[in-house]
Amino acid sequence: MLSEFGRDMVAALANRPHAISPKYFYDVEGSRLFDRICELPEYYPTRTEIGILERSVGEMAALAGRAAEIVEFGAGSLRKVRMLLGAFEAPARYLPIDISGDHLRDAAAMLRAEFPRLDVVPVVTDYTQHIELPETTGSGRRIGFFPGSTLGNFGPEEALAFLQRAAGLLSGGALLLGADLVKDPQLLHAAYNDAQGVTAAFNLNLLVRANRELGANFVPAQFAHYAFYNAPLQRIEMHLTSRVRQVVALGGERFVLEEGECLHTENSYKFTIDGLRDLAVRAGFRPGPVWTDPQRLFSVHWLHAP
Ligand code: AVI
C-alpha cells in the first residue's frame with residue numbers, strides 16, 4: 001500500500017503537466033535545508049519579517065490584549081512566536097498546529113521551560129484540512145499566527161479556503177499573517193537561486209525522499225533545479241527538469257520522463273498589500289494595520305475575525 005506521498009508522486013508522474021504539492025519537501029533533511037535557506041543572504045523574507053516583528057510587536061501586543069491564546073498554523077522555527085510570547089501581556093495559551101508530532105513535542109517542551117505560566121497545547125493535524133481546536137479558555141482573544149508567507153505556497157483557491165476556515169476558528173480575535181510582496185523580479189529570482197545551491201538541494205531532496213520512503217529509483221543528478229518568477233501569475237515556480245530521457249520506477253509502474261520535461265514542485269505566490277487585504281475581506285476578515293520594512297519587501301497584516 002502506498003502512502004499519501006506515494007499516491008501523489010505516482011499521480012504526478014502519470015499526469016501531465018507533472019506536479020506535486022510542496023508539503024512533501026519537509027522530511028527531516030528538507031526541514032534542515034529550509035532552515036539553512038532562511039539564513040541565506042539572498043533569502044530576504046525571514047530576516048525581513050523578523051525585523052518587522054521586532055519593530056512593531058508592541059503595537060501587535062496592544063491589539064491582542066491581555067491573556068490572548070496564540071494559535072500558530074505550522075510550528076516552524078520558534079524564533080518568531082517567542083517574540084509574540086515575550087511581548088504580549090500574560091499570554092494564556094499557545095496552540096501550535098503541525099502535522100509532525102515529534103517536531104511539535106520538542107517545540108512544546110522548549111516553550112514550557114521558557115514560559116512556565118503558559119499553557120502549551122500542541123495540536124497534531126494537517127492545518128490545510130479541517131481543524132478542530134480545544135475549547136477556548138475564555139480568558140482573552142484567540143490570535144492566529146501564520147508567518148513566513150506560507151500562505152503563498154497555496155494556490156489562490158486553497159488560500160481563500162484556508163483563510164475562510166481561519167476566520168471561523170479565530171472568531172472574535174484576529175489573524176497575524178506574514179505575506180511576501182511583489183517586487184523586482186531579479187531580487188525574487190536570486191532568493192530562489194542562491195549561490196550556494198541550498199535551494200537546489202532542498203528541491204532535489206524531494207527525489208531523495210521518494211527513493212528512501214517509496215522505493216523509487218530517481219537519480220537526482222539527472223535533474224536540474226529550475227526556479228523562475230512568473231510575473232503574470234505573481235509567483236515563483238520551482239521545477240525539477242529532466243536532464244535526459246529517463247525511466248523512473250515507482251509503485252510497480254514505470255514512467256518515462258523526456259529530456260527537458262519538468263516536475264513542478266512548488267509555487268510561491270507574491271502579494272500586493274491591497275490584493276492581500278481584498279483576499280482577506282473575501283474570506284470574512286476585516287483588515288486592520290499592515291506593517292512593512294522600509295524597502296517594502298515583506299508585509300505583516302492584522303486581520304480582525306468578526
Ligand atoms: C515555506 N515557504 C514560504 C518558502 C517560500 O519561500 O515559498 C519555501 C521555499 N521554497 C524555496 N525556498 C523557500
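Whatever order the structure lists ligands and atoms in, that order sets their numbers, starting from 1. A quick note: this is a predicted structure, and the numbers were derived from the prediction, not measured.
- Of the possible donor and acceptor atoms, none in the side chain of R235 sits under 3.5 Å from a partner among the backbone N and O of G152.
- A cation-pi geometry, defined here as NZ or CZ lying under 6.0 Å from the six-membered ring centre and within 45° of its normal, does not hold between R209 and Y24.
- No path of Ile, Leu, Val, Met, Phe, Trp and Tyr side chains, each step under 4.5 Å between heavy atoms, connects Y44 with L181, placing them in separate hydrophobic clusters.
- In this comparison of Y269, Y43, F25, the heavy atom closest to atom 5 (C) of ligand 1 sits on Y43.
- By the 4.5 Å heavy-atom criterion applied to side chains, R32 and E29 are counted as neighbours.
- Near G148, the atoms of ligand 1 lying under 4.0 angstrom from a non-hydrogen atom of the residue are 3 (C).
- Side chain of E42 to backbone of A195: a donor-acceptor contact under 3.5 angstrom is found.
- Scanning H225, E266, K270, E42 for the heavy atom closest to atom 9 (C) of ligand 1 points to E266.
- Each of the following atoms of ligand 1 lies closer than 4.0 Å to a heavy atom of Y26: 1 (C), 8 (C).
- Close approach to S268 involves these atoms of ligand 1, each under 4.0 Å from a residue heavy atom: 5 (C), 6 (O), 7 (O).
- Under a 4.0 Å criterion applied to the non-hydrogen atoms of F34, ligand 1 contributes the atoms 1 (C), 4 (C), 8 (C), 13 (C).
- Among protein heavy atoms, atom 2 (N) of ligand 1 sits closest to N153 OD1, 2.8 Å.
- Near S149, meaning under 4.0 Å from any of its heavy atoms, are these atoms of ligand 1: 3 (C).
- Classification of R105 and D102 as a salt-bridged pair holds, one side-chain N sitting under 4.0 Å from a carboxylate O.
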